[in-house]
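Notes for the one structure printed next.
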Amino acid sequence: MNDNNILSKSTVPLESLEKQVEGKLFYDHTMRLLYATDASAYKEMPLAVAIPKTKEDIQKIIAFAREHKSSVIPRAAGTSLAGQVVGNGIIVDISQEFTKIISVDQEEKTAWVEPGVIRDELNLYLKPYKLFFGPETSTSNRCMIGGMVGNNACGARSVIYGSTREHLLEIKGFLADGHEVTFGALTNAEFEDKCNGINVVSPLEQAIYVQAKEILSSKSNRILFEDNFPKKSIPRRNTGYALDLLADTMPFTDSEEKFNFCKLIAGSEGTLFFSTAIKLNLVEALKPYSALVCVHFESINESLKANIEALKFNPDSVELIDHYILECTKENIEQSKNRFFVKGDPQAILAVEFLRDSPEEIDSIAKEMETLMRSKNLGYHFPIVYGDDTNKVWALRKAGLGLLSNIPGDAKAVAVIEDTAVDVNDLPDFIEDFNAILKKRNLNCVHYAHAATGELHLRPIIDLKTKEGTAIFRTIATDIAHLVKKYKGSLSGEHGDGRLRGEFIPLMLGEEIYQLFLQIKQVWDPWGVFNPGKIVNTPPMDTSLRYTPGQDTPMPETYFDFSEHNGILRAAEMCNGSGDCRKTEKSGGTMCPSYMATRDEKHTTRARANMLRETISNSTKANRFDDENLLEVLDLCLSCKGCKSECPSNVDMAKLKAETLQQYHDKNGVKFRSRLIGNTPKINQWFATMPWVYNLSAKGAFGNVIKKVTGFATERKLPLMHKITFAKWMKEYIQEGDFVNGKVYLYNDEFLNFYDVEIGQTAVKLLNRLGYQVGIPKMGISGRTYLSKGMLKEAREIAENNIRNFEFSIPDNGILLGIEPSAILTFRDEYPDLCRGELKTKAKTFAARTFLIEEFLAKGLEEGRISSDSFTRKSERVRMHGHCFQKALSSLVPLKKILSLPENYTVLNIPSGCCGMAGSFGYEKEHYELSMKIGELVLFPTIRSEEEATLISASGTSCRHQIADGTGRKAQHPVEILFKALK
């Protein structure tokens, strides 16, 4: 950790600033640590973290930084790849409060927004206006407009829409002197007035206009720009400050384009100005029909030659995906589903996008393009992907950044020279030279992204934990900088200079232009307040790295098997900071429910992974997990498993949290409530002969006393035990039928046996009616309650016993079904990681023979053993909510298939993430409010909007209780809906 040059808290009166602002100011170690990294290779401990609530807060923070010789680092989603939002000053996070869409002018096609507005959410808002904001980054579901301005972000369709700079019309915010100013297009007369001190807010504003006039009026400077800036044919040009573009406006040329400082501010990375409101140009809605021609190639070079041919057909984008990324997608739960268009093992795929007025127009262009490419021996497979399926291809492409973290070991695909841009016609030769340089250094490289505009994201695989790797980090950056200069390209195409590339600006553009940049920074920010050390005066690019060269990687013994990642620390290090966990409920998905409800970085999967990494790496305790700060950051993880599938790096935070809790228990013991929750199945077994006693104690005033004593929310209704156990009912129930489909085994888990007995009864009767005999294997509880509280010793014993019993209770061709996702899916998910040796091998084998009952019935439908003929023709409307584990470890497709068995049932998914209950989480008094807030994001409002006649389906027992508590509606298990629908 680099604390160099940082003012200590004792020398800076942060308490006084905390009292002045309406928002929040944090200067504790934990919050500073969580903001010490972004998505780059860098780490630097900030002085404090501010969450401003008002513009006045920002003004006060700037004044405070000026007075105390500190700095202000603007931050939105923190997905910067060049270290733009790390630094030792006050990080100002605008993502929580500055999120308003201020106004939209449909006729003018413009919008005013605050800098914390998320790009995709802006476009959702604009949909009724038939307008949208064009630039689209791969992080568009969490990146914010302020960050896009700071980096001058582009994205996949930049061949059509260019960069953020082209769409930035006006911007409001604060200068370094604290005065609020607006920048926009000026006539020559208005520009002269500014230079003369007319209509300016302060002498500083006048000074920046006077400086611009001096620099841009100089003929010698203009020649410098022409000779040294990247070729004008390169649309992606983010190296340094955009003086060359300002020089091409009025009054310095005959151009009709008015002078506008927005050109300079876009891409300035928060080093000149702090924005509070942004006026954007909008474009008309996309053409109604879309398709991707996903051309497969035998080599990268072949794909880049084909890229030039593809551009002749005016595509809306051309994106490259190389074999490294394609290989990573095979093992990723979420992205493996998106490989449907991939044939064989291509070395590269070009996704060539066409948006047109009709499918016929697209088909004609696609055939013509294929004919041309084949005539030049370019490409061997040309599948066309239409409509909504294109989103799956884009999801796979966009996941590239995170997927690269999945490469096992410490050597990773490093963002060091990943942002180079050259003229698209130079791209094949440039990449050939590029790869030759890498080959000379014995390096491999990942290639992906924006082929259409001459920018591929090129990531060499380097181990930055070693001194040799850090040396290569610098060497390769220097080599490639010289190569880019040879092609007169831009070292940064869209991700900015930051502290990664700032060092190379004098090489790229020449010392004279760099001196002009220094002058710009000095005049705009004479106090050095705004984001110092980025673009200019940058520290060496191989300092303040996230990993210290030569550092040890501790490998503590664990209860779960982390050998796949070579230890728990490396499992946490899989998180590269790309921030996919910062998407909101409007983007869909499950990850991360506590962030969706709080919008607090502390409650992201990224923050938890960062804290776990830092604690394990730096703890001096014998038990590295014995840390209250670590537990605090993990506390609001609901263990929903959303990250296991939705995080492109597959960071399984539920598993990491459970391991951490067990390790902490080893030192400090298990708290009473956790032990109570873990042992719930044992307690239920005691009450099984007299459930009325349990139920009496769970209800009314006596129940509230028990809740208070045990730490449960009094607002919650505790689940009641059934009058008999499911095991007892099964012994007495006589199954009748032909059983033409054979015998299956139903898992009598701890929830089914005591609480959901009626659902179990219905499941057995349904299976009987569909031709299946049902057996109950002699297996114990799943261990889910123990897993949820990190009691892995008990969970391991249960897992081992169940795997042994599986072998003896279920014949070789038998399968095990479950009605409760959180229980049956332990066989697939946790058991193989809890077991060792031969039992681990058996656990993996048996995992393949366990199914959610929805999966099993859907398979029966596909194989013709079940048909819609068995079900009613009556019409019903069904809204289904999927269990988190079901979404993460299985799919909602089987659920929708079986609920659609009755031909006239209209089945619609509720686009909710986690319900918010998450086992015991929503029952615990300190978590109750958040639990309900999560439910209110999507689930509760959707159910309330439905008529009473609508059937609500929820597979999880926790989900059904949450729906009842939050809406007063009774949700049914899918088997209940199906059984009632039988003829």
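The backbone N or O of Ala266 lies less than 3.5 Å from a partner atom in the side chain of Arg165, making a donor-acceptor pair. Between the side chain of Asp525 and the main chain of Val529, a donor-acceptor pair closer than 3.5 Å is present. Put simply, the side chain of Arg499 never gets that close to the backbone of Gly87: no donor and acceptor are under 3.5 Å apart. Side-chain atoms of Lys521 never come within 3.5 Å of backbone atoms of Gln519 as a donor-acceptor pair (strictly under, hydrogens ignored). No donor-acceptor pair closer than 3.5 Å links the side chain of Thr139 to the backbone N or O of Arg142. At distances below 3.5 Å, at least one donor-acceptor pair connects side-chain atoms of Asn123 with backbone N or O atoms of Phe133. Of the possible donor and acceptor atoms, one in the side chain of Asp497 sits under 3.5 Å from a partner among the backbone N and O of Gly240. Remark: side-chain polar atoms of Glu44 are not paired, donor with acceptor, to backbone N or O of Ala36 under 3.5 angstrom. Within the 3.5 Å criterion, the main-chain N or O of Leu491 finds a donor-acceptor partner in the side chain of Thr239. Of the possible polar contacts, one joining the Asn576 side chain to the Ser578 backbone as a donor-acceptor pair under 3.5 Å is found.
Looking at heavy atoms from C-beta onward, Phe473 lies in side-chain contact with Met541 at the 4.5 angstrom threshold. In this structure the side chain of Lys258 never reaches within 4.5 angstrom of the side chain of Thr249, judged on heavy atoms. Proximity of Ile171 to Phe261: side-chain heavy atoms (C-beta onward) are nowhere separated by under 4.5 Å. With a 4.5 Å cut-off on side-chain heavy atoms, Asn151 and Glu269 count as touching. Two residues are said to be in side-chain contact when any heavy atoms from C-beta on lie closer than 4.5 Å; His167 and Leu282 fail this criterion. In this structure, the side chains of Arg459 and Val414 stay at 4.5 Å or more apart for every pair of heavy atoms.
The residues Glu494 and Arg237 are annotated as not salt-bridged, no charged nitrogen and carboxylate oxygen being separated by less than 4.0 angstrom. At a threshold of 4.0 Å, the pair Asp542-Arg474 counts as salt-bridged, since one of the basic side-chain nitrogens sits closer than that to a carboxylate oxygen. Comment: Asp177 does not engage Arg66 in a salt bridge, judged by the lack of any side-chain N to carboxylate O separation of less than 4.0 angstrom. Ion pairing between a basic and an acidic side chain is recognised when a charged N comes within 4.0 Å of a carboxylate O; Glu114 and Lys55 show no such pairing. By the 4.0 Å N-to-carboxylate-O rule, Asp423 lies too far from Lys488 to be salt-bridged with it. Note on Glu353 versus Arg397: no salt bridge recorded, every NZ/NE/NH1/NH2 to OD/OE distance being 4.0 Å or above.
When each of His495, His450, Arg236 is tested with Glu455 by the rule side-chain hydrogen bond (donor to acceptor under 3.5 Å, both in side chains), just one qualifies, namely Arg236.
Ring pair His68/Phe64 is tilted by interplanar angle, where 30° to 60° counts as tilted.
A donor-acceptor contact closer than 3.5 angstrom is absent between the side chains of Ser202 and Glu205. With no hydrogens or angles considered, a side-chain donor-acceptor pair links Gln515 and Glu511 at under 3.5 Å. For the residue pair Asp419/Ser492, the side-chain donor-acceptor check at 3.5 Å is satisfied. A donor-acceptor contact closer than 3.5 angstrom is absent between the side chains of Asn531 and Thr271. Counted by atom type alone, Lys305 and Asn301 present one or more donor-acceptor pairs between their side chains at under 3.5 Å. In the model, Asp38 has no side-chain atom that pairs as donor or acceptor with a side-chain atom of Gln84 under 3.5 Å.
A cation-pi arrangement is absent between Arg546 and Tyr42, since the terminal nitrogen or guanidinium carbon is not both under 6.0 Å from the aromatic centre and inside a 45° cone about the axis.
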Could you check Ile520 against Leu243 for side chain to side chain contact (heavy atoms under 4.5 Å, CB included), going step by step and ending with a plain yes or no? CA-CA 10 Å; Ile520 290 284; Leu243 290 178; 3.9 Å; yes
Determine, stepwise, if the pair Val424 / Asn307 fulfils side chain to side chain contact (heavy atoms under 4.5 Å, CB included). CA-CA 8 Å; Val424 69; Asn307 175 53; 3.3 Å; yes
Test Val92 against Ile62 for side chain to side chain contact (heavy atoms under 4.5 Å, CB included), laying out the working first. CA-CA 10 Å; Val92 182; Ile62 292 170; over 6 Å; no
Test salt bridge (charged side-chain N to carboxylate O under 4.0 Å, His left out) on Lys232 and Asp244; report intermediate values, then the result. CA-CA 10 Å; Lys232 294 197 174 181; Asp244 60 327; over 6 Å; no
Is there a ring-ring contact (aromatic ring centres under 6.0 Å, His included) between Trp524 and Tyr241? Walk through the geometry before answering. CA-CA 12 Å; Trp524 279 71; Tyr241 296 126; 8.6 Å; no
Worked verdict on Ile300 versus Ile431 for side chain to side chain contact (heavy atoms under 4.5 Å, CB included): CA-CA 9 Å; Ile300 294 288; Ile431 294 298; 4.1 Å; yes
Would you check, one step at a time, whether the test salt bridge (charged side-chain N to carboxylate O under 4.0 Å, His left out) holds for Glu257 with Lys263? CA-CA 11 Å; Glu257 187 175 4; Lys263 286 187 177 294; 2.7 Å; yes
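Atom CD of Glu284 has 12 or fewer neighbouring heavy atoms from other residues, nucleotides or ligands inside a 6.0 Å radius. Other residues, nucleotides and ligands contribute over 12 non-hydrogen atoms within 6.0 Å of the NZ atom of Lys312.
Considering CG of Leu280 and CZ of Phe132, their distance stands at 13.0 Å, rounded to 0.5 Å. The distance from the OG atom of Ser70 to the CG atom of Asn88 is 7.0 Å, given to the nearest 0.5 Å. Distance check: Ser218 OG to Ile223 CD1 gives 8.5 Å after rounding to the nearest 0.5 Å. With rounding to the nearest 0.5 Å, the separation of SG in Cys262 from CG in Leu169 is 7.5 Å.
For the side chain to side chain contact (heavy atoms under 4.5 Å, CB included) test, residues two or more places apart in sequence or in another chain that qualify with Pro235 are Thr453. Legend: residues meeting ring pair (Phe, Tyr, Trp, His ring centres under 6.0 Å) with Phe530, ordered by chain and number and at least two apart, are absent. Listed by chain and number, the residues in a side chain to side chain contact (heavy atoms under 4.5 Å, CB included) with Glu67 amount to none (sequence neighbours excluded). Under the side chain to side chain contact (heavy atoms under 4.5 Å, CB included) criterion, Lys486 pairs with Asp433, Leu483, sequence neighbours left out. The ring pair (Phe, Tyr, Trp, His ring centres under 6.0 Å) search around Phe430 returns Tyr487, not counting sequence neighbours.
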Less than 3.5 Å apart, which donor and acceptor atoms pair up between the side chains of residues 224-231 and the rest of the protein, not counting sequence neighbours?
unit_1 : atom_1 : unit_2 : atom_2 : d
Asn228 : ND2    : Leu224 : O      : 3.0
Lys231 : NZ     : Asp426 : OD2    : 2.8

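Checked against the 6.0 Å centroid threshold, Phe191 and Phe259 count as a close aromatic pair.
Annotation for Val72 and Ala65: closest pair CG2-CB, 3.8 Å, computed over non-hydrogen atoms. Here the closest non-hydrogen pair linking Gly489 and Ile234 is CA-CD1, 3.6 Å.
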